[in-house]
Amino acid sequence: MQHYSGFGLLKHSLSHHENWQRVWRNPTPKKKYDVIIIGGGGHGLATAYYLAKEHGITNVAVIEKGHLGGGNACRNTTIVRSNYLWDESAALYEHSMQLWEGLAQELNYNVMFSQRGVYHTCHTLQDMRANERLVAANRLQGIDNEMVDAEQLQKEIPTLDCSKNSRYPILGASVQRRAGNARHDAVAWGYARAADALGVDLIQSCEVVDLEVNDGKVTGVKTKQYGVIKADRVGCAVAGNSGVLAKMAGFELPVESHPLQALVSEPIKPFLDTVVMSNHVHGYMSQSDKGDLVIGAGIDGWVGYGQRGSYGIIEHTIQAIVELFPCTSRVRMNRQWGGIVDACPDASPIISETPVKNLFFNCGWGTGGFKGTPGSGHLFAHTLANGKAHPIAEPFSIKRFHDGALIDEHGAAGVAH
Amino acid sequence: MTQQNRLVSGGRIDRSETLTFTYNGKKYQGHKGDTLASAMLANGIDVVARSFKYSRPRGIIASGAEEPNAVLQLGATEATQVPNVRATQQELFDGLVSASTNGWPSVDTDVMSLVGKVGGKMMPPGFYYKTFMFPESLWDTYESMIRKAAGIGRAPKEHDPDTYDAINQHCDVMVVGAGPAGLVAALTAARGGARVIIADEQNEFGGSLLDSSEQLDGKPASEWIRSIVEELSTFDDVLLLPRSTVNGYHDHNFLTIHERCSDHLADIAPVNSVRQRMHRVRAKWVVLATGAHERPLVYANNDVPGCMISGAVSAYINRYGVVPGNELVVMTTNDYGYQAAIDWANAGRTVAAIVDTRTESKGDRAETARQLGLNIITGSAVIDVQGSKRVTGVSIAPLDESGTKVTGSITKLKVDTVATSGGWSPVVHLSCHTGSRPVWDDSVVGFLPGPTIQKQLTAGGINGQYETSVALQEGLDAGLQALTNIGLEAVELVLPRVEQLTMTAPMILFHIPHIKPTSQAPKQFVDYQTDVTAAGIEIACREGFEAIEHVKRYTAMGFGTDQGKLGNINGMAVAAKALNKTIPETGTTVFRPNYTPIAFGAITGRHCGGLFEPERYTAMHKWHVEQGALFEDVGQWKRPWYYPKGNETMQDTLNRECLAVRDSVGILDASTLGKIDIQGKDAREFLGRVYTNAWAKLGVGKCRYGLMAGEDGMIFDDGVTACLAENHFLMTTTTGGAAHVLEWLEIYHQTEWPELEVYFTSVTDHWSTMTISGPNSRKLLEKLTDYDVSKENFAFMDWKAATVAGVPARVFRISFTGELSFEINVQANYGMQVWNAVIEAGKEFNITPYGTETMHVLRAEKGFIIVGQDTDGSVHAYDLGMPWAVSMQKPFSFIGKRGMQREDCVRPDRKQLVGLKTIDPNVVLPEGSQGVFDPKAPIPMPLVGHITSSYWSANLNRSIAMGFVKGGLDKMGEKVFYPLADGRVIEAEICSPVFLDPKGERQHV
Amino acid sequence: MSDAVVENIKMKVVANQLPEDSEKIHSMAESPLHHVDLASLAKQGLQEGGVHFCEKPLMGLLTLRCHPSAKQKTAIKSLLGVALPMEPLTSATKGDVTVRWISPDEWLITLSGDKAFDLESRFQDKLEGHYSLVNISGGTTVFELSGKDAMNVLKKSTTIDFHSKVFPTDKVVSTLFAKSSAIIRRLDEQRFELVVRRSFSDYIWLWIQDASKEYGLVVDA
Amino acid sequence: MLHIYCPHCAEYREEEEFHAAGQAHIVRPLDPDACTDKEWGEYLFFRKNPRGLHHELWVHSAGCRKFFNMTRDTQTYEIKEIYKIGEKPSVVDSSVPQEIASGAAS
């Protein structure tokens, strides 16, 4: 793998950048792999990378029907945090957070992970209780999280309206200072480049049309472009298509796919160097290194695979942002788009074995997918390598929807963005 | 300062009205009818911006929404600042203040440009992914540097003084674009009796006709436009919206239109009027007549001020009477390009040459050019440009047939303006918003709207039809088709005569070769605003970013505020060449709302400030305000939180209110509790199915507390329900849960048990509810009613119809405080007066109004739960230690029964709600504190449950708390430790949550 | 138990909710916008404008829920003096009684405030079978918007199409109004009636003032 | 923005007036106590979630407050049909087993 560095840039600039290597190959698939990962998004690529790096399994293919990182990986609002409530999810997302730290160096690809802090504003006593509960839990779980009062908050974020006269005055906030943003495309590309360098075949524009299942056991995948490709184990990391894949395998999931919208303003001079989320007025915002205000909108209430939702959601979100940041009223919205989130009833993901032997699913991340990418890949790789879940992943089995051991993250944290 | 580029006559500007505007602190003049851009060009302003990455000087390229460079900061005051306004779309008004956004010390002399020159080579696409990684610790520093360079304009620091509006519209036919095609389509539909809306982003209707010197019926186009607009305005059912951009085309023919009502008049809207208005349109049929954008050609140094697209040159001359230079060279791949030269020559300025990349053109426009004696160089191209802040000359060289390489020697020409035309790109943006992908068409050399399920028609330029005569015909056809589709009769309409010009086929060429390979040639810009060059795209492809989406994301092509209107197609062509694929093979381009940017304020409309969300008030709200109550937001309700007196602290107030209730009597406004009237012979059965406890035997005149669970067994609401009569009940719910509970009852009735005879009606707002609580509450009530409210006649958990303060009331003897309590319900129109009467009568008992906080303390002293505070959707009745509220014997398997019996729900070590007494009675545990059994355990510590409710109890003169503890119900007397943020570890003992009057004697007196 | 006993069991509760003496009815009652003192606003405010507003306070409003059998229909007609409108989104008026279709099994009845109890008791006596009639007079109030721009204010506040082709006089819709809700009926070309919930009436009043600014709002006492 | 025909109000209204209530035709087991944890879990949480034709339960929450069913294409968002509670869909995906359209009260 060609090493990236400032000196490299200088060197290449002398040769007019004509000698840069390809970041990944374009292989034609082999007849058989030890592991096939369906889905070339952040989670699939991370899984492939850790399979090769941590478990030495390199006879691996990632099969992507479109292009790498073309799904939710490039459609999210790039927020990374680990301050979840329950021990199980806190452990999961903190595992991910620790992989985020140092990821750029590990991949030799600058994923621009910026630990600029994430604030959850509180607008009611109920909000305050929920966040104080969260902070207290996180501290004992070994996750940084703290409360700040409205006065302190106003100092830290001057453009945020912390006055008493708004409809739902801000009473305080919890803040995880290690949390922040990362460059979403770079995460997918960085993992892809590193996985490819370790020998993983990244097969783009290859659509899986069926799963080859013999007496309850998966033995390969049927693709539109290359026919059947055999595999000992198959892992699905296809956010937005989990239901479709499950249908191929002949079972249903406790998952519904909904449009999740986001939008950006035009680039303006940075005035917000952190991330602010309000579950009560339903809006959250950060400002990218390009100057765009990156704003997350709500989830549409109905199943939708169209990568677009309803305009009403955009209206409500922008109303919330103007309520929180009155100075944005004359700023202009540039572009909106939508992703497809696979939402579980308890707002926690599934990393699990399935009714079909050797077939494993990693899905249902809801709005937690991006921040979970490294951890998800790391744990799913463990599952695929050993045929059983890593202790951190165990609670996230499909089984919990039968025995009732749910990990309900919206109960306490409102909308679990 | 003189407008040196202004023609003495011609154009659609009003020379009699001179307007003064400011650019970068300097005053200039323009005329009514100018855009900021045309006025700047009239004044000979060349440099309007510095480029994002390389800080190169940039000038105005286009005349409309596609302009990438002239993006300015507007606003005369801090509060009225608007970032990133496109000068080509901003009408000039007197006193307009504008400024360029980048460049230090000024946009004309920018020191960063040196960095750009030197460092530019170090900044290929994605360079930041490849560096700033070492040492890891420095990333924050690197990033703050990057952020300093970020952004174009800036947000204001003060609150927006303007108001915005949104209005909903419905129509049969929505016509987007008021060019020749759109106007005819609209008129056809209108004459047929359709309800029509026609919107155009420009200040006046006419579209391309406004920019050209074309004649219709032998008269100037403007006269035809006027006649059409005049007729359209005579129809009641036609809405004409100039200055209105259709920004989004959403599912089921829902469109959003952004109307600028006052941005052309002043910085701030006139009194009582709105600055901008969103129209939310639901249309039966949509006619897209959005026209086309001209493509510039990609050639070396094509960003030097003075390089423009040829259509824009014509527009500035014909519409604004401005010639943006003196010597022009035109480079074109098609006949349209000639028009700029013709208009330029007719304006009396020098055309140095027309450089046609084709071997020849026999078209009418070329013929006209020849007759004007213009110098036409064929089979050649402008391969390079000289000059930095303004074009000083160009290099012209012959190309091979395919246009891929330079074949001969270079001739230099001295010019100050370069106009190029690479053909036109249909404006298919809106047709893509609902997921339809555009389709490449070789004959059009562009993308056309793809198949869609929307009820959509298209006409004119969007179909690749750029001749006025054809556009008019397509407009007519679209109008007629729309009429037929909605079942209306067509009415005849005669189209104007337009000269049909002959044309020679265009050459398919996007990227002009240089004598050096692209990687070594001077920068050839594809996307100006994001500084994406042809070389950059080649690098991306070379590195393996082959999908067009990869190319765009890696290079940032199309991510500017113009969203690649000029650059995307050229970029795809360059990528296609690099990957040696055709353009369709390379991919297609998707567009998303907005077509052009919209102020957040406009989308917010009136839903801001005091109208962001409703504030719900009870009938006694005014009284609470007058008493100086502080309020708690509960759902949308404003509930009195506590009533501070003098300089009491909050705790002082709570102590006073709490003691008053236990010692004498207090009064609470409980009107916000949800109330549902339930009638029908199966009402009782229904209650039995939706509550966890039994209702079969509840007698008339009796009340009972009930818990409501979901099918998963988890508690989501609770409340007291009274049996008013055999078939008639009144259910109360939590304040926040009222709407949800009503819908919950309805969904089960409508979808699962329609056979049950029962009706539910919300009466939350109908009743004013005031709770008088405390040992003196009976004495107080006696003063207000003749009804016998003695213990004997009015038992605990009974309700009675009685007249209170002269008003018929329903009085419930129920208690949430554990004291003797009466809940008086009267028709809300009488609430205020009855409340006053109670307060008056209560004076002798020193009646004390108390708010939600005191209510919470009092109920906690009794161990009563509050759903939402002591529950979080993950606990069932047994977790709450309320088995008495569950009746497993009920014949019908009530909602929640099966759920709460799942494997995980019957674990003995579940977190259970218990009382907690701190060992130090003076310490109040913070709510939310997390408990552990072993305070010495290493982090992460095993958490055993959190504190849900915790208060100082003035009555018990100690702190009290409720919280969850793993297996807590079997751990009475055991210790739990709460390590706090400040390092303290609070020790508490598990106890019953009933801290006061465990026998319940006080409420039974 | 014997039928005789069943007779005596009270099936539903109907009680007069207004003070006995008519003096008190008026002196004690306060409509939701009482504190706004519209009367003074009417005097002080604009006398001309595109939008007129007034509150019709203290009316009698009742919700009728029923799947009426033929027998019940006849009974209800004689009780109300007008037949239940069975066509969706229609209303019927006779004297001071207006009945609005709300849903296939729900109607909103308005009449003068002091007659609500009488109507309730007559239903109790005369109407047999399954139904529910609930007095919601205290929880609801009635606004009237009129004037040449009244429809524009409604278009800003709801997504309903008010074009007379599709929204003739007497048509009724239940819909969202800004971020609250309202039952809207057209009284004539330029007059509309809004039935709104008490707790939201302040919000809706504020909204109407704001949305009417550009046309000029006249308060009618 | 969906434009939805309310079968009770008999006219089209904007999406804002409605709430989606999830997959239609999920019948509450007649004898919950006889269900295994697995069966109850499936009833509670497991859904078809199809890309394509979907039978959904909606309520006209801001209008007549009545629930009804809708067959909608989750890819194109096209509404294929609206039908009342207790009725069966006429537009069905042949690859979907028919039990969804049988007997279900909702």
Side-chain angles (χ1 to χ4, degrees), chain A residues 4-6 9 13 16-18 20 22-24 67 70 87 104-105 109-110 114 124-125 129 132-133 136-137 139-142 167-168 185-186 266-271 289-291 306 308 311 315 318-319 322-323 326-337 403-405 408 411-412, chain B residues 82-84 121-122 124 127-133 136 143 146-147 150-156 159-160 250 435 519-520 539 542-544 547 549-550 553 561 592-593 597-601 603-604 607-608 612-613 632-633 872-874 902-905 927-930 939-941 943 946:
Chain A
Y4 287 160
S5 72
L9 269 175
S13 69
H16 313 286
H17 303 285
E18 286 163 353
W20 285 108
R22 291 182 59 92
V23 277
W24 49 66
H67 55 275
D87 296 353
Q105 288 67 27
Y109 205 80
N110 192 351
S114 162
T124 64
L125 300 175
R129 278 189 291 266
E132 274 157 354
R133 173 186 181 188
R139 281 184 31 264
L140 302 182
Q141 290 154 339
R167 172 64 184 88
Y168 294 109
D185 293 322
E266 298 182 300
I268 53 175
K269 303 268 186 277
F271 69 79
D289 286 346
K290 209 168 123 268
R308 64 185 189 279
Y311 178 67
E315 284 175 313
I318 291 187
Q319 286 160 16
V322 171
E323 179 75 359
C327 70
T328 59
S329 176
R330 290 172 96 88
V331 173
R332 309 191 304 171
M333 167 185 165
N334 196 19
R335 207 169 75 256
Q336 74 177 74
W337 66 90
D403 61 27
D408 192 341
Chain B
V82 185
N84 305 358
K121 293 184 80 42
M122 288 277 291
F127 71 96
Y128 33 78
Y129 302 136
K130 295 174 174 168
T131 180
F132 302 132
M133 284 180 282
E136 186 180 355
E143 190 180 35
I146 296 171
R147 287 176 83 80
I152 303 177
R154 67 174 183 89
H159 286 208
D160 193 338
H250 302 264
S519 56
Q520 297 170 34
I539 293 171
R542 193 176 304 129
E543 288 192 76
E549 270 304 308
H550 275 165
R553 290 173 169 278
T561 65
R592 295 198 169 77
I598 307 177
F600 280 19
I603 296 166
T604 302
H607 300 283
C608 58
F612 172 63
E613 254 205 18
E632 174 183 1
D633 285 302
D872 64 6
S874 71
R902 288 171 298 162
E903 181 187 336
D904 188 74
C905 299
E927 284 171 351
S929 303
Q930 296 281 352
I939 281 179
M941 299 172 115
L943 306 183
H946 73 289

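Order of the sequence lines sets the chain letters (A, B, ...), proteins ahead of strands, with each chain counted from 1. The shown structure was predicted, so the numbers you read here are calculated from the model rather than taken from an experiment.
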Interchain contact, [X] with chain B, by part (heavy-atom threshold 4.5 Å):
| X | answer |
| --- | --- |
| A:Asn334 | both |
| A:Arg308 | side chain |
| A:Val322 | side chain |

Picking from [options], which has the most non-hydrogen pairs under 4.5 angstrom with chain A?
| options | answer |
| --- | --- |
| B:Ile539, B:Ile146, B:Asp160, B:Thr131 | B:Asp160 |
| B:Glu903, B:Arg154, B:Met122 | B:Met122 |
| B:Glu549, B:Glu632, B:Glu613 | B:Glu613 |
| B:Ser874, B:Pro940, B:Pro593, B:Cys608 | B:Pro593 |
| B:Asn84, B:Asp633, B:Val82 | B:Asn84 |
| B:Pro597, B:Gly435, B:Pro124 | B:Pro597 |

Is chain A contacted by the side chain of B:Ala155, its backbone, both, or neither, given a heavy-atom distance below 4.5 Å? both
Region of B:His607 in contact with chain A, defined by heavy-atom distances below 4.5 Å: both
Quick check for you: to the nearest 0.5 Å, what is the distance between A:Leu140 atom CG and B:Gln930 atom CD? 7.0 Å
Reported OG1-to-CE distance for the pair B:Thr604 and A:Met333, which is rounded to 0.5 angstrom: 11.0 Å
Heavy-atom pairs under 4.5 Å with chain B - which of A:Asp289, A:Asp87, A:Leu9, A:Thr124 has more of them than the others? A:Asp289
[X] (side chain) donor-acceptor with [Y] (main chain) under 3.5 angstrom:
| X | Y | value |
| --- | --- | --- |
| A:Gln336 | B:Arg592 | no |
| B:Arg542 | A:His17 | yes |
| A:Lys269 | B:Ile152 | yes |

Listed partners of A:His67 passing ring pair (Phe, Tyr, Trp, His ring centres under 6.0 Å), at least two apart: B:His550
Run B:Gln520 and A:Glu18 through side chain to side chain contact (heavy atoms under 4.5 Å, CB included) and show every step you take. CA-CA 9 Å; B:Gln520 297 170 34; A:Glu18 286 163 353; 3.1 Å; yes
To check you understand the geometry: which heavy-atom pair defines the closest contact between B:Phe600 and A:Thr328, and what is its length? CB-O, 3.3 Å
Hey, does A:Arg133 have a side-chain heavy atom less than 4.5 Å from the side chain of B:Asp872? yes
